[in-house]
2 protein chains.
Amino acid sequence: MTDTTSRAASPTLDEVAVLAGVSRATVSRVVNDSPKVSPEARQAVLSAVAQLRYVPNRMARSLVTRRTDTVALVLNEPNTQVFSDPFFASIVRGVSATLADTDLNLVLLTAQDEREQEKIGRYARQGHVDGVILMSVHSDDPLPDILEEAGIPLVLCGRPFDDRAVAYVDADNRGGAREAAAYLAASGRRRIATITGPLDMIAGVDRLAGYQAGLAAAGQEVRADLLAEGDFTEVGGARAMAALLERAPDLDAVFVASDPMAVGALRALREAGRRVPEDVAVVGFDDAAVAERCDPPLTTVAQPLTDMTPLLTELLLRQIEGVGEQAESRVCRTHLVRRASA
Amino acid sequence: MTDTTSRAASPTLDEVAVLAGVSRATVSRVVNDSPKVSPEARQAVLSAVAQLRYVPNRMARSLVTRRTDTVALVLNEPNTQVFSDPFFASIVRGVSATLADTDLNLVLLTAQDEREQEKIGRYARQGHVDGVILMSVHSDDPLPDILEEAGIPLVLCGRPFDDRAVAYVDADNRGGAREAAAYLAASGRRRIATITGPLDMIAGVDRLAGYQAGLAAAGQEVRADLLAEGDFTEVGGARAMAALLERAPDLDAVFVASDPMAVGALRALREAGRRVPEDVAVVGFDDAAVAERCDPPLTTVAQPLTDMTPLLTELLLRQIEGVGEQAESRVCRTHLVRRASA
DNA sequence: CGGGGGCGTGAGAACGCTCTCACGGCCGTG
DNA sequence: CACGGCCGTGAGAGCGTTCTCACGCCCCCG
């Protein structure tokens with residue numbers, strides 16, 4: 001009776017075994033509920049487990065099983081503003097919800113700079129996780145290479161820049177943007193500008209390409225002065241809009257590559273005294289919650305997030321289970337949500 | 001030469017040892033850079049490590065050291081909207097930056113419901129992390145109890161409801177709110193309303209108490225019809241503001257317990273045709289980035305985030321290192337940032 | 001020239017778990 | 001009544017580290 005407060009010192013499998021009057025192996029079987037245990041033995045073990053508040057040591061278990069039952073969702077984003085982007089929140093929430101039904105744990109890892117990216121690479125290579133979902137991939141990210149080389153199951157959220165054989169899930173950014181541009185052209189707009197995402201991200205590139213394709217299909221010229229690069233943030237969107245207005249005061253529409261940027265653009269337009277949609281029509285991308293409640297409500301290209309997040313985890317799990325499986329990818333359709341801004 | 005593509009099968013310590021022509025122990029010493037190794041041996045080991053691309057297996061290491069060199073930051077938030085609150089993003093970023101200089105890894109864990117909270121509790125008890133920083137604690141959260149009982153080092157971001165002996169870091173919510181209310185009273189406002197945070201969170205409770213104290217100190221009555229409960233989101237703030245306007249059309253000021261809510265309140269006021277600050281003065285709380293760029297720019301109570309995040313990690317590290325240390329806590333001063341809204 | 005004291009090294013026992021294997025006991029069948 | 005098979009169980013060998021010891025070696029001092 002020397003210690004009661006100190007030294008929690010988690011009980012081990014054999015302590016449970018001794019208390020239950022069985023062998024370590026039997027306790028292990030009960031804990032991993034193997035069917036090959038007699039009801040009496042199982043009962044004895046269970047009450048011993050309860051009495052000692054036994055929790056299996058994951059490190060010991062992982063050491064032999066080579067599984068951690070943990071997957072990582074990596075937010076690879078230097079721009080801190082973007083961090084509170086509702087798109088991230090939706091993905092995180094969706095993946096987390098999908099995984100909640102399994103016995104897998106989800107951890108979020110964030111990297112603001114290359115040093116932190118390498119730290120994450122190390123973390124993964126050391127065997128902390130069974131697989132990785134990688135978001136917000138920039139063109140110069142080292143992480144995909146590191147993980148691939150280490151043979152860690154990997155799914156990208158957004159298609160990779162090069163045509164590497166890696167699994168990914170993406171929205172049809174090009175198609176969605178094309179539809180948005182075509183829609184603006186069809187509604188009579190003739191000087192359709194665009195605020196792009198960062199062009200070192202594939203979503204930025206693809207949405208720009210879609211915009212250009214949409215204009216071309218409508219027989220409109222793609223003018224360089226109608227293009228401004230944003231960074232997916234509200235502030236960036238406002239700044240780009242202001243630049244656009246100065247450079248091309250005659251624009252009558254703008255396709256903005258994300259909703260947070262579109263909100264910023266809306267603000268810049270208001271400050272410049274332009275009416276939306278009368279003077280300038282605005283179409284966003286994402287269909288974030290904010291699109292519904294901004295002024296005016298935003299016409300926007302909806303990303304099929306409810307399809308994408310289950311797919312993301314499904315593809316990862318399949319890679320973790322199946323050893324020699326082929327990397328499989330999926331592109332999800334978008335659709336235009338018409339509201340008041342265009 | 002049977003396999004070259006397949007089976008990465010990470011090399012182990014003894015494979016390195018064999019290649020370097022030394023013992024396992026020596027390799028271990030080099031890897032953990034112990035000083036007691038001859039330069040030649042060290043060199044041999046290092047090149048063997050490089051050649052085999054050896055990475056130590058964390059599970060095996062943790063099994064014996066009982067350390068994981070990982071800490072968790074838990075976002076305990078059922079309300080998905082709040083998830084993209086800039087306050088969270090700031091804390092995450094701050095803690096992450098502080099930890100970047102150490103060899104500790106940071107993982108983010110999110111819980112949307114009780115089931116996920118228990119999953120996180122299990123995760124921690126299984127020995128995945130050396131310590132936990134817990135954010136966004138609601139009054140009925142089971143996690144603090146679970147972690148405390150399991151003896152896992154824990155720091156709360158925000159003081160606990162009961163006076164339990166747990167380390168925490170908090171802003172002086174009460175003092176900040178009192179200053180805000182006093183400021184509004186001093187500038188001649190006579191019907192000062194408030195939009196509170198969720199009252200199952202200590203920040204919500206404390207900011208309300210501060211508001212009441214500020215009014216009382218100014219000799220003003222605390223009217224029940226001037227109080228509306230929000231949920232720290234923009235939408236919630238707008239809704240609460242609308243309710244307030246309906247209930248007490250004569251209000252001439254409002255203290256809003258968070259900046260996102262204040263943005264919503266601003267919108268509701270605009271829609272109701274009230275001018276800010278002429279008709280209604282508005283003061284927020286947080287000094288989030290959005291406070292600077294909303295219309296009009298928001299007078300708000302600044303939280304000392306740059307003090308709080310290093311403190312958070314420091315207190316946790318001290319608990320992880322020092323075995324028998326007393327739980328130590330800190331409250332950081334706020335200050336009022338005057339802009340145009342009040 | 002002999003003995004003590006570092007210093008670098010290696011052998012081997014943990015750490016807590018899983019998993020293979022072999023072994024008794026019971027059943028059903030020949 | 002003997003025998004093969006199955007089922008529940010336990011003994012023991014790992015999994016890849018760290019860490020404690022003990023052991024040579026060389027240097028310095030007496």
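All chains are named by letter (A, B, ...) in the order of the sequence lines, taking the proteins before the strands, and each is independently numbered beginning at 1.
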Working to the nearest 0.5 angstrom, can you tell me the gap between [X] [atom1] and [Y] [atom2]?
X      : Y      : atom1 : atom2 : value
B/S136 : B/D85  : OG    : CG    : 9.0 Å
A/R164 : A/L156 : CZ    : CG    : 7.5 Å
B/E149 : A/R53  : CD    : CZ    : 4.0 Å

Grab the [atom1]-[atom2] distance between [X] and [N] for me, whole Å please.
X      : N      : atom1 : atom2 : answer
B/D33  : D/dT18 : CG    : P     : 12 Å
B/L13  : C/dA14 : CG    : P     : 19 Å
A/E15  : C/dG16 : CD    : P     : 8 Å
A/Q126 : D/dT17 : CD    : P     : 11 Å
A/R66  : C/dC17 : CZ    : C1'   : 13 Å

Nearest to side-chain heavy atoms of [X], which nucleotide of [options]:
X     : options                : answer
A/N57 : D/dC19, C/dC17, C/dG8  : C/dC17
B/A60 : D/dG16, C/dT9, C/dT18  : D/dG16
B/R61 : D/dG10, D/dT17, C/dT9  : D/dT17
B/T65 : C/dC17, D/dT17, D/dT18 : D/dT18
B/S23 : C/dC17, D/dC19, C/dG10 : C/dG10
B/A25 : C/dA11, C/dC17, D/dT9  : C/dA11

Heavy atoms only, 4.0 Å cut-off, all strands: where does B/D14 land among base, sugar-phosphate and nothing?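 Answer is nothing: B/D14 stays at 4.0 Å or more from every strand.
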Sugar-phosphate only, base, or nothing, as touched by A/R58 at under 4.0 Å among non-hydrogen atoms: nothing
Think [X] has a side-chain N or O under 4.0 angstrom from the OP1 or OP2 of [N]?
X     : N      : value
B/T12 : D/dG16 : no
B/S28 : D/dT18 : yes
B/S38 : C/dT9  : yes

Using only heavy-atom distances, decide whether a donor-acceptor pair under 3.5 angstrom links the side-chain of A/R29 to the base of D/dG10. yes
By nearest nucleotide on DNA chain C, pick out whichever of B/G21 and B/V64 is the more 5' one.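 The residue whose closest nucleotide sits nearer the 5' end is B/G21.
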Can you work out whether B/P35 or B/L63 has the more 5'-proximal nearest nucleotide on DNA chain C?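 Its nucleotide being nearer the 5' end, the pick is B/P35.
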Passing candidate, side chain to side chain donor-acceptor pair (under 3.5 Å) with A/R58, options A/T70, A/D69, A/T68, A/N105: A/D69
Checking the side chain of B/Q319 only, and the main-chain atoms of B/L154 only, is there a donor and an acceptor separated by less than 3.5 Å?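 It does hold such a pair.
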Pick the nucleotide of DNA chain D nearest each of A/E40 and A/R24; which residue has the one closer to the 5' end? A/E40
